[in-house]
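Below is one structure; the comments refer to it alone.
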Amino acid sequence: QVQLVESGGGLVQAGGSLRLSCAASGGTFSSYSMGWFRQAPGKEREFVAAISKSGRGTYYADSVKGRFTISRDNAKNTAYLQMNSLKPEDTAVYYCAADNGIVLSTITSPYDYWGQGTQVTVSS
């Protein structure tokens with residue numbers, strides 16, 4: 001039983017930055033790969049970034065590559081998403097998720113646990 005809580009969302013102007021955090025409790029954090037997904041109104045939940053259990057492997061959606069950085073601190077049971085050069089099309093609810101499988105995944109189904117989401121709004 002793992003609980004995930006996102007924080008750090010808010011309103012930012014285009015070109016600005018935000019840092020999202022995902023605090024985990026109730027499990028062994030280092031046994032999970034972590035992913036970030038986002039969902040805009042009327043759209044499917046889409047993959048943003050993922051990081052391996054050790055933090056040594058990362059993968060990004062093309063839409064955010066070069067702008068976003070995923071990281072984790074296993075000692076703090078926390079994953080992060082640093083978002084720079086934000087665009088209005090980044091506006092969405094951002095979710096973190098935990099996956100105890102072996103390989104990183106860009107689809108939602110392998111992830112076992114999900115946070116409640118945090119709203120990111122980028123104004124033009």
Side-chain angles (χ1 to χ4, degrees):
Q1 188 173 353
V2 175
Q3 295 83 47
L4 304 174
V5 179
E6 302 96 334
S7 62
L11 176 64
V12 65
Q13 292 184 318
S17 298
L18 284 173
R19 189 195 196 201
L20 306 184
S21 297
C22 175
S25 62
T28 303
F29 184 66
S30 61
S31 70
Y32 293 91
S33 298
M34 299 297 295
W36 286 96
F37 293 77
R38 65 188 183 187
Q39 188 166 25
K43 298 181 65 178
E44 295 182 7
R45 190 168 298 188
E46 68 173 350
F47 171 77
V48 176
I51 188 166
S52 64
K53 298 172 182 180
S54 67
R56 292 192 292 269
T58 59
Y59 191 77
Y60 298 91
D62 287 343
S63 59
V64 307
K65 194 173 299 181
R67 299 188 297 122
F68 291 10
T69 303
I70 188 171
S71 61
R72 66 191 296 160
D73 186 339
N74 285 351
K76 296 182 178 180
N77 291 345
T78 302
Y80 305 93
L81 185 68
Q82 178 67 47
M83 305 185 294
N84 299 326
S85 301
L86 283 162
K87 305 174 181 180
E89 50 263 47
D90 295 319
T91 295
V93 176
Y94 283 70
Y95 299 88
C96 68
D99 174 18
N100 67 0
I102 296 172
V103 299
L104 298 182
S105 181
T106 61
I107 59 175
T108 59
S109 55
Y111 290 88
D112 303 294
Y113 304 100
W114 293 82
Q116 84 291 342
T118 185
Q119 177 71 49
V120 172
T121 303
V122 184
S123 63
S124 60

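Atoms OG1 and NZ, from Thr28 and Lys53 in turn, are 11.0 Å apart once rounded to the nearest 0.5 Å. Atom CG of Leu86 is separated from atom OG of Ser17 by 6.0 Å, given to the nearest 0.5 angstrom.
Residues Thr91 and Glu89 are not in side-chain contact: their nearest non-hydrogen atoms beyond the backbone lie 4.5 Å or more apart.
Of the options Asn84, Val48, Leu18, a side chain to side chain contact (heavy atoms under 4.5 Å, CB included) to Phe68 is made by Val48 and by none of the others.
A salt bridge is absent between Asp90 and Lys87; no separation between the charged side-chain nitrogens and carboxylate oxygens falls under 4.0 Å.
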I would like to know whether Arg72 and Phe29 meet side chain to side chain contact (heavy atoms under 4.5 Å, CB included); could you show each step before the answer? CA-CA 10 Å; Arg72 66 191 296 160; Phe29 184 66; 3.3 Å; yes
Assess the residue pair Tyr113 and Gln3 against the criterion (side chain to side chain contact (heavy atoms under 4.5 Å, CB included)); give the C-alpha distance rounded to whole Å, side-chain angles, the decisive distance to 0.1 Å, and a yes or no. CA-CA 7 Å; Tyr113 304 100; Gln3 295 83 47; over 6 Å; no
Would Leu104 and Ser52 satisfy side chain to side chain contact (heavy atoms under 4.5 Å, CB included), going step by step from the backbone distance to the final call? CA-CA 7 Å; Leu104 298 182; Ser52 64; 4.3 Å; yes
CA sep, side-chain torsions, deciding dist, call: Gln116, Val5, side chain to side chain contact (heavy atoms under 4.5 Å, CB included): CA-CA 6 Å; Gln116 84 291 342; Val5 179; 4.0 Å; yes
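Cation-pi geometry between Arg38 and Phe47 is not satisfied (NZ or CZ under 6.0 Å from the ring centre, within 45° of the ring normal). Relative to the six-membered ring of Tyr80, Arg19 meets both conditions, a distance below 6.0 Å and an angle of at most 45° to the axis.
Using bins of under 30°, 30° to 60° and over 60° for the plane-to-plane angle, the ring pair Phe37/Trp114 lands in the tilted bin.
Here the closest heavy-atom approach between residue Ser105 and residue Asp99 is recorded as CB-OD2, 4.4 Å.
Residues Thr78 and Asp73 bring no donor and acceptor atom of their side chains to less than 3.5 Å of each other.
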